[in-house]
Amino acid sequence: ASYDDEKIGLLPYRVLPVNRETAPDFEYEKKFVENLISAFDAAKKAGAKIVNLSIGTSFRSTDPNFSRLKKLEVLFADAVRTKPEMVFVAAAGNESSWIDGKSRFSFPCGINARNLLCVGALKDDGSLADFTNIPLIDSPLVFALGTDVLSTMPTSLCPSDSLASII
């Protein structure tokens, strides 16, 4: 809505490869991470100081795709850590899990980087939202309201019945 207003300073980047009808494979996932890294480089060159990462994935050490996902996590972590002048902000995730870096992994929130700020979800009463992940990492972690928040997302895509009832 404000991409063309220089005072706002938003720099949107599309990082997902073209739409697919088959399940993502390693090449698709690798291209996604490479596109992210290119977007980080472009944002840095354009003078960005804050990057909002509306992405995320988590996986277990027992996942059959563990080795390929771990490789992608390492690529992603290196891209974040090598840009200490930028702050990366990302959701903690929605799997109701502890992200310990041993049995469960996640990125972006799950990598240790001083310039990564993870945001977990709270209910209206200040307690943890049932779905929020808790990253046990050295990166900064904050919590913010994450339930019953109005959004531009179509209600048909929202898992919450409470959102549909207020619209």
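For the single chain, residues carry numbers from 1 onward in sequence order. Below, each value reflects all heavy atoms present in this structure, side chains not excepted, and no hydrogens, waters or symmetry copies.
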Kindly say whether [Y] contributes a backbone atom to a donor-acceptor pair with the side chain of [X] at under 3.5 angstrom?
| X | Y | value |
| --- | --- | --- |
| Ser139 | Ala113 | yes |
| Asn65 | Arg68 | no |
| Asn115 | Val80 | yes |
| Asp138 | Asn112 | no |

Test item: [X] and [Y] side chains (from C-beta on) under 4.5 Å apart, heavy atoms:
| X | Y | value |
| --- | --- | --- |
| Asn94 | Thr132 | no |
| Ile99 | Leu136 | no |
| Val87 | Val51 | no |
| Ser61 | Phe105 | yes |
| Phe76 | Leu36 | yes |
| Lys123 | Leu128 | no |

Write down the atom of [X], the atom of [Y], and the distance for their closest heavy-atom approach.
| X | Y | result |
| --- | --- | --- |
| Ser127 | Asp125 | OG-OD1, 2.6 Å |
| Asn133 | Pro135 | O-CD, 3.5 Å |
| Arg104 | Ser58 | NH1-OG, 3.1 Å |

Check: Which word best sums up how the rings of Phe59 and Phe107 line up, parallel for under 30°, tilted for 30 to 60°, or perpendicular for over 60°?
Finding: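 Rings of Phe59 and Phe107: perpendicular, as their planes differ by over 60°.
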Nearest-0.5 Å distance that lies between atom [atom1] in [X] and atom [atom2] in [Y]:
| X | Y | atom1 | atom2 | result |
| --- | --- | --- | --- | --- |
| Arg60 | Ser106 | CZ | OG | 12.0 Å |
| Leu53 | Cys109 | CG | SG | 8.5 Å |
| Cys118 | Ile111 | SG | CD1 | 8.0 Å |
| Thr57 | Leu72 | OG1 | CG | 9.5 Å |

Identify whether [X] and [Y] are in the same connected component of the hydrophobic contact network (ILVMFWY, side-chain heavy atoms under 4.5 Å).
| X | Y | result |
| --- | --- | --- |
| Ile137 | Val89 | no |
| Trp98 | Leu116 | no |
| Ile55 | Leu75 | yes |

Item checked: Non-neighbouring partners of Phe131 that pass ring pair (Phe, Tyr, Trp, His ring centres under 6.0 Å), sequence neighbours left out ->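 So Phe131 forms no ring pair (Phe, Tyr, Trp, His ring centres under 6.0 Å) with any residue.
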Let me have the donor-acceptor pairs involving side chains of residues 37-50, under 3.5 Å, with sequence neighbours excluded, atom names and distances please.
residue : atom : partner : partner atom : Å
Ser38   : OG   : Glu34   : O            : 3.2
Asp41   : OD1  : Lys83   : NZ           : 2.9
Lys44   : NZ   : Glu85   : OE2          : 3.2

Margin query: I'd like to know if Lys30 pairs up with Glu27 as an ion pair, taking the criterion as any Lys NZ or Arg NE/NH1/NH2 lying under 4.0 Å from an Asp or Glu carboxylate oxygen.
Written below: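 No, this pair does not count.
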